[in-house]
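Read through the structure below, which is laid out as structure tokens, and then see the notes.
Along the sequence shown, residues carry numbers from 1. Any value given below was found using the heavy atoms of this structure, including those in side chains, with hydrogens, waters and symmetry copies removed. Counting starts at 1 for both ligands and their atoms, following the listed order.
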Amino acid sequence: MKKTILITGGAGFIGSHVVRLFVNKYPDCHIINLDALTYAGNLENLTDLDQSPNYTFVKADIRDAEVIDALFEKYPITGVCHLAAESHVDRSIAEPMAFITTNIIGTVNLLNAARKAWTGNFEGKRFYHISTDEVYGSLGSEGFFVETTSYDPRSPYSASKASSDHLVRAYHHTYGLPIVITNCSNNYGPNQFPEKLIPLAINNIKYMKPIPVYGKGENIRDWLYVVDHARAIDMVFHDGKIGETYNIGGFNEWTNISLIHTLCEIMDRKMNRAPGTSASLITYVKDRAGHDLRYAIDATKIQRELGWEPSLQFAEGLEKTVEWYLDNEEWMTRITTGKYQEYYEGQYVKR
Ligand code: NAD
Ligand code: TYD
């Protein structure tokens, strides 16, 4: 094998798309997927890779420094794509501590392990930290986040991600660790845990349950198809300049309420329901505490320097996404019943 690449959080939503891309695209690289399989980790996202000779799954927690050090001793890891994190804002408001331990301490454990393993030879090494546009805070109706926008995180989730970004940069400036960081906007697509807006809305509409809209539904997010994010991660991992930050976004801003209306129209069509049936489920609920008004990314740097741009228009991406959730009813049922958590035992422990 030419290289050994450690991907953390590979059983999650975005991580699973990155693992699949790397395993299939780089058959001469050993891809190690390290994941603690929290509630958000679902190995059933990757059943198609079970027999791939260049793929290894390791169940481990990035909060455990000894385990992470041992992994770097066991394998000749040359690159890290770090996606493991607690990722849901509402959970961070309810229970912030897991965000502090995983997103901050877990990231430092990885930085320390890479630093120890690579000291004296940073040649050909790369520590890639995947982050969010939420570190920049909240925009008014105008303007965009650029790579030099000051950090202004406002939820425990975004504050923990901001801390980890600062620490990754600090390891570059202090120890010379070869790092690269990206900050991406909201992702959507197959395999997203149905606590996030789009899969939650699709599932609720399907079963004629209320669609909860926080506040007035006027908050704005920039949406990117997850496969396009995975493509960007591949480009930055291989060609991004050491020490640099790249913003990734879909050039695709929507208020929550117009996004939900669009989803409702698609669902009416797909479910053969009378127009307006799904929209009747829209239910305004209490707003999220400290709800950021608007996120909008200026992704021209990655476009200009690495030639990346989104491949899918939103209309096409949403259509594909709805189809995926409707076609993968068992995936959704196993998530909503908790059954998916048994997969690891059956596949990796009993064998
Ligand atoms: P996710 O919640 O779907 O997946 C996170 C994965 O990390 C899960 O598989 C989980 O088991 C694993 N994990 C959590 N704690 C762990 C720990 N202590 N040790 C090892 N593994 C652990 O998240 P996602 O939406 O796929 O996001 C992945 C990354 O991308 C995160 O770092 C997130 O901040 C970032 N990001 C997400 C979005 C988005 O819209 N989802 C946008 C920009 C950036
Ligand atoms: P979410 O998918 O949780 O992503 P983030 O908070 O990281 O942007 O939420 C997207 C937007 O949708 C956000 O403005 C909150 C809103 N939202 C709802 O209105 N209802 C819901 O049930 C959820 C989960 C989110």
Side-chain angles (χ1 to χ4, degrees), residues 7-19 33-43 45-46 58-64 67-68 81-93 98-99 101-103 105-107 109-110 129-135 138 155 157-158 160-162 164-165 182-189 191-201 204 210-224 226 229-230 232-233 247-250 254-257 259-260 282-288 290-295 297 341 344:
I7 301 179
T8 70
F13 167 48
I14 302 170
S16 61
H17 289 273
V18 176
V19 166
N33 171 12
L34 179 150
D35 198 296
L37 300 183
T38 68
Y39 81 92
N42 182 356
L43 271 188
N45 292 345
L46 291 170
V58 176
K59 184 173 189 281
D61 193 322
I62 57 168
R63 290 174 291 190
D64 188 336
V67 167
I68 301 303
C81 269
H82 175 36
L83 294 106
E86 289 290 339
S87 69
H88 189 41
V89 174
D90 293 327
R91 284 181 191 256
S92 83
I93 294 168
F99 289 73
T101 53
T102 284
N103 298 2
I105 296 171
T107 299
N109 286 339
L110 283 162
H129 177 62
I130 282 86
S131 192
T132 166
D133 61 356
E134 303 190 25
V135 298
S138 180
S155 73
Y157 164 64
S158 55
S160 67
K161 290 296 289 188
S164 62
D165 293 12
T182 52
N183 296 84
C184 187
S185 61
N186 285 58
N187 284 215
Y188 71 99
N191 305 100
Q192 188 167 29
F193 197 85
E195 62 187 352
K196 306 276 168 69
L197 180 66
I198 291 181
L200 181 130
N204 284 16
I211 312 164
V213 178
Y214 298 167
K216 294 183 179 155
E218 284 166 0
N219 303 69
I220 294 173
R221 298 292 182 263
D222 168 26
W223 294 93
L224 177 67
V226 63
H229 188 191
I233 289 175
N247 281 352
I248 306 171
W254 287 73
T255 60
N256 292 338
I257 192 64
L259 166 53
I260 287 169
I282 291 174
T283 308
Y284 290 93
V285 299
K286 186 167 170 277
D287 208 355
R288 171 186 281 172
H291 198 170
D292 287 342
L293 177 65
R294 174 171 168 253
Y295 304 140
I297 277 278
Q341 284 169 324
Y344 171 76

>> Under a 3.5 Å distance rule, please check whether N45 uses its side chain to pair with a backbone N or O of S16 as donor and acceptor.
In response: no
> For the side chain of N187 and the backbone of S185, is there at least one donor-acceptor N/O pair under 3.5 Å apart?
Replying inline: yes
> Quick one: does Q192 get an N or O within less than 3.5 Å of an N or O on ligand 1?
Replying inline: no
Nearest non-hydrogen contact with [atom] belongs to which option: [options]?
atom: atom 43 (C) of ligand 1; options: C184, S164, A40, G189; result: C184
atom: atom 10 (C) of ligand 1; options: T38, T8, L37; result: T38
atom: atom 4 (O) of ligand 1; options: G12, G41, S131; result: G12
atom: atom 41 (N) of ligand 1; options: I14, V135, L34, I198; result: I14
atom: atom 8 (C) of ligand 1; options: D35, V18, N186, I130; result: D35

List ligand 2's nitrogen or oxygen atoms that come under 3.5 Å of a protein nitrogen or oxygen, with the partner atom and distance.
| from | atom 1 | to | atom 2 | distance (Å) |
| --- | --- | --- | --- | --- |
| ligand 2 | 2 (O) | L197 | N | 3.0 |
| ligand 2 | 3 (O) | R288 | NH2 | 3.1 |
| ligand 2 | 4 (O) | N186 | ND2 | 3.3 |
| ligand 2 | 6 (O) | R288 | NH1 | 2.5 |
| ligand 2 | 6 (O) | R288 | NH2 | 3.2 |
| ligand 2 | 7 (O) | E134 | OE2 | 2.6 |
| ligand 2 | 8 (O) | N186 | ND2 | 2.9 |
| ligand 2 | 8 (O) | R221 | NE | 2.8 |
| ligand 2 | 12 (O) | N256 | ND2 | 3.3 |
| ligand 2 | 14 (O) | R221 | NH2 | 3.3 |
| ligand 2 | 14 (O) | N256 | ND2 | 2.9 |
| ligand 2 | 14 (O) | H291 | NE2 | 2.7 |
| ligand 2 | 19 (O) | Y214 | N | 2.9 |
| ligand 2 | 20 (N) | P212 | O | 2.8 |
| ligand 2 | 22 (O) | P212 | O | 3.4 |

For [atom], grab the closest protein heavy atom and report residue, atom and distance to one decimal in Å.
atom: atom 23 (O) of ligand 1; result: S87 OG, 3.2 Å
atom: atom 21 (N) of ligand 1; result: A36 N, 3.1 Å
atom: atom 40 (O) of ligand 1; result: N187 N, 2.8 Å
atom: atom 28 (C) of ligand 1; result: L83 O, 3.5 Å
atom: atom 42 (C) of ligand 1; result: S185 O, 3.3 Å
atom: atom 25 (O) of ligand 1; result: F13 CD2, 3.7 Å
atom: atom 5 (C) of ligand 1; result: A85 O, 3.4 Å
atom: atom 18 (N) of ligand 1; result: D61 OD1, 2.8 Å

Considering all heavy atoms, the nearest [X]-[Y] contact:
X: P210; Y: P212; result: O-CD, 3.4 Å
X: C184; Y: L224; result: SG-CD2, 3.7 Å
X: A11; Y: L37; result: CB-CD2, 3.6 Å
X: T102; Y: I62; result: O-CD1, 3.5 Å
X: S138; Y: R294; result: OG-N, 3.5 Å
X: G189; Y: V226; result: CA-CG1, 4.1 Å

>> Centre-to-centre under 6.0 Å for Y284 and Y214, is that the case here?
In response: no
> Honestly, is K196 close enough over F13, meaning NZ or CZ under 6.0 Å from the six-membered ring centre and within 45° of the axis?
Replying inline: no
>> Given the ring of Y39, does R91 sit roughly above its face, with NZ or CZ under 6.0 Å from the centre of the six-membered ring and within 45° of the axis?
In response: yes
Interfacing atoms of ligand 1 (cut-off 4.0 Å, heavy-atom, [X]):
X: A60; value: 19 (N), 20 (C)
X: Y157; value: 33 (C), 34 (O)
X: R63; value: 18 (N)

> Side chain or backbone of K161 under 4.0 Å from ligand 1, or both, or neither, by non-hydrogen atoms?
Replying inline: side chain
>> For D133, which part has a heavy atom under 4.0 Å from ligand 1: side chain, backbone, both, or neither?
In response: neither
> Is it true that R288 and D90 have a side-chain N and a carboxylate O under 4.0 angstrom from each other?
Replying inline: yes
